[in-house]
Amino acid sequence: MIDELSKIMIGIIRTGAILRFTVCMINMQKADDEMEGIKKRIVNLIVFYIIAESIFQIKDILFYYFN
């Protein structure tokens, strides 16, 4: 049950990150004056993605260790 929910959450996070990155890249092509803000959003997105993936990897390690 928990594994299924984790896989669904990882799928949602990956899809959302890809879509957000795509939107930021499209906005970057359109607006030259907002370049710094968009770059900051992309950096924040990458940090969020790394943290989210790390949380699920740690969960998997803990479940493997304690089961």
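Side-chain heavy-atom separations under 4.5 angstrom define the hydrophobic clusters, and the remaining members of the one that includes M28 are F21, M25, M35, I38, I42, L45, I46, I50.
N27 contributes atom CG, which lies 11.0 Å from atom OG1 of T22 (distance to the nearest 0.5 angstrom). Taking CD1 of I61 as the reference point, atom CZ of F66 lies at 11.5 Å (rounded to 0.5 Å). Interatomic distance, CD1 of I55 versus CG of D60, reported as 12.0 Å (0.5 Å rounding). Atom CD of residue E34 and atom SG of residue C24 lie 11.0 Å apart, to the nearest 0.5 angstrom. In this structure, the separation between CD on Q57 and OG on S6 is 10.5 Å, given to the nearest 0.5 Å.
Cluster annotation: I18 is not connected to I26 through the hydrophobic network of ILVMFWY side chains, with a link wherever side-chain heavy atoms come within less than 4.5 Å. At a threshold of 4.5 Å between side-chain heavy atoms, the hydrophobic network of Ile, Leu, Val, Met, Phe, Trp and Tyr places F56 and F48 in one connected group.
With a 6.0 Å radius and a threshold of 12 heavy atoms from other residues, nucleotides or ligands, K59 has its NZ atom above the threshold.
Remark: E53 engages R14 in a salt bridge (charged side-chain N to carboxylate O under 4.0 Å, His left out) (not counting sequence neighbours).
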